[in-house]
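Remarks on the structure that follows.
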Amino acid sequence: MSIFQNLDITASALTAQRLRMDVVSSNMANVDTTRARFVNGQWEPYRRKLVVMEPRQEGFSTYLQAAMNGRASVGDGVQVAKIVEDQTPFKLVYDPSHPDADRNGYVRLPNVDPLKEMVDLMSATRSYEANVTVFNATKGMLMKALEIGK
């Protein structure tokens, strides 16, 4: 394991959590957007987006070779696999005066729940803060190791 691998792993987590916070911000900004895209001849509301993360790794063969050579492998961090749209149905609200109301007076609103978004944001923020703490602790240990050589 390289001396800087811990910093690289932590940096990957920081990048992934920052993207997660960006997606949550986008969801919150579009909580009332009733015209996000044109599908099948009609406007569709904004659809909530979710971040899917996965381990960042070289593959099974890399871990197998490391195990066969007697080296333990801890992984290589995290990466964003994709950003998917939440397929939860849109909210229907009765508002016949709304310009996007259908002939029955119902408006389709985005499937964004501000409460869920705030929970996701707090979770991403806490994870980001924890990884900053790990990064700073690693940096401190590396600085102390450099002082030993003086």
Phe4 side, atom CZ; Ile9 side, atom CD1 - distance, nearest 0.5 Å: 14.0 Å
Audit row: Leu109, Thr34, side-chain contact (heavy atoms from CB on, under 4.5 Å) steps and yes/no: CA-CA 6 Å; Leu109 295 177; Thr34 57; 3.6 Å; yes
Nearest non-hydrogen partners of Pro45 and Ala36, listed with the distance: C-CB, 3.7 Å
CG on Leu19 to CG on Leu14, rounded to 0.5 Å: 13.0 Å
Ionic contact status for Glu44 with Arg35, cut-off 4.0 Å: no
Closest contact, heavy atoms only, Asp120 versus Val24: CB-CG2, 3.9 Å
Non-neighbouring partners of Glu129 that pass salt bridge (Lys or Arg N to Asp or Glu O under 4.0 Å), sequence neighbours left out: Arg126
Closest contact, heavy atoms only, Val78 versus Glu54: CG2-O, 3.4 Å
Salt bridge (Lys or Arg N to Asp or Glu O under 4.0 Å) assessment of Glu85 paired with Arg37: CA-CA 13 Å; Glu85 291 185 342; Arg37 61 184 169 177; 2.9 Å; yes
CG-CD distance between Asn27 and Glu117, expressed to the nearest 0.5 angstrom: 4.0 Å
Asn104, CG: over 12 other non-hydrogen atoms inside 6.0 angstrom: yes
Verdict with reasoning, Lys49 to Val84, per side-chain contact (heavy atoms from CB on, under 4.5 Å): CA-CA 6 Å; Lys49 304 214 177 359; Val84 296; over 6 Å; no
Sequence neighbours excluded, every pair satisfying side-chain hydrogen bond (donor to acceptor under 3.5 Å, both in side chains) that has a member inside residues 106-115: none
Qualifying ring-ring contact (aromatic ring centres under 6.0 Å, His included) pairs, either residue in residues 19-42, two or more places apart: Phe38-Trp43
Sequence-distant partners of Asn30, side chain to side chain contact (heavy atoms under 4.5 Å, CB included), two or more places apart: Ser26, Thr33, Tyr46
Residue pair Lys91 / Pro110, side-chain heavy-atom distance below 4.5 Å: no
Donor-acceptor contact present, side-chain Ser127 to main-chain Ala124, <3.5 Å: no
CA sep, side-chain torsions, deciding dist, call: Asp95, Ser97, side-chain contact (heavy atoms from CB on, under 4.5 Å): CA-CA 5 Å; Asp95 185 2; Ser97 64; 2.8 Å; yes
Verdict with supporting geometry, Asp86 and Lys116, salt bridge (Lys or Arg N to Asp or Glu O under 4.0 Å): CA-CA 12 Å; Asp86 185 0; Lys116 283 183 184 177; 5.4 Å; no
Side chain to side chain donor-acceptor pair (under 3.5 Å) assessment of Asn131 paired with Thr10: CA-CA 6 Å; Asn131 279 288; Thr10 305; 4.7 Å; no
Taking every non-hydrogen atom, the tightest pair across Leu50 and Val23: N-CG1, 4.4 Å
Nearest heavy atoms of Arg20 and Ser123, plus distance in Å: NH2-OG, 3.1 Å
ILVMFWY network linking Leu121 to Tyr128, side-chain heavy atoms under 4.5 angstrom: yes
By side chain to side chain contact (heavy atoms under 4.5 Å, CB included) - contacts of Val119 (at least two apart): none
Interatomic distance, Gln42 atom CD to Asp100 atom CG [nearest 0.5 angstrom]: 10.5 Å
Criterion side-chain contact (heavy atoms from CB on, under 4.5 Å) on Asp76 and Gln5, from CA distance to verdict: CA-CA 8 Å; Asp76 294 321; Gln5 187 176 5; 3.1 Å; yes
Approximate separation, where rounding is to 0.5 Å, of Gln17 CD and Met53 CE: 4.0 Å
Arg47 versus Thr88, side-chain donor and acceptor atoms under 3.5 Å: no
Sequence neighbours excluded and cut-off under 3.5 Å, please list the side-chain donor-acceptor pairs for residues 135-147, or say none.
| from | atom 1 | to | atom 2 | distance (Å) |
| --- | --- | --- | --- | --- |
| Asn136 | ND2 | Val132 | O | 3.4 |
| Thr138 | OG1 | Asn6 | ND2 | 2.7 |
| Thr138 | OG1 | Val134 | O | 2.9 |

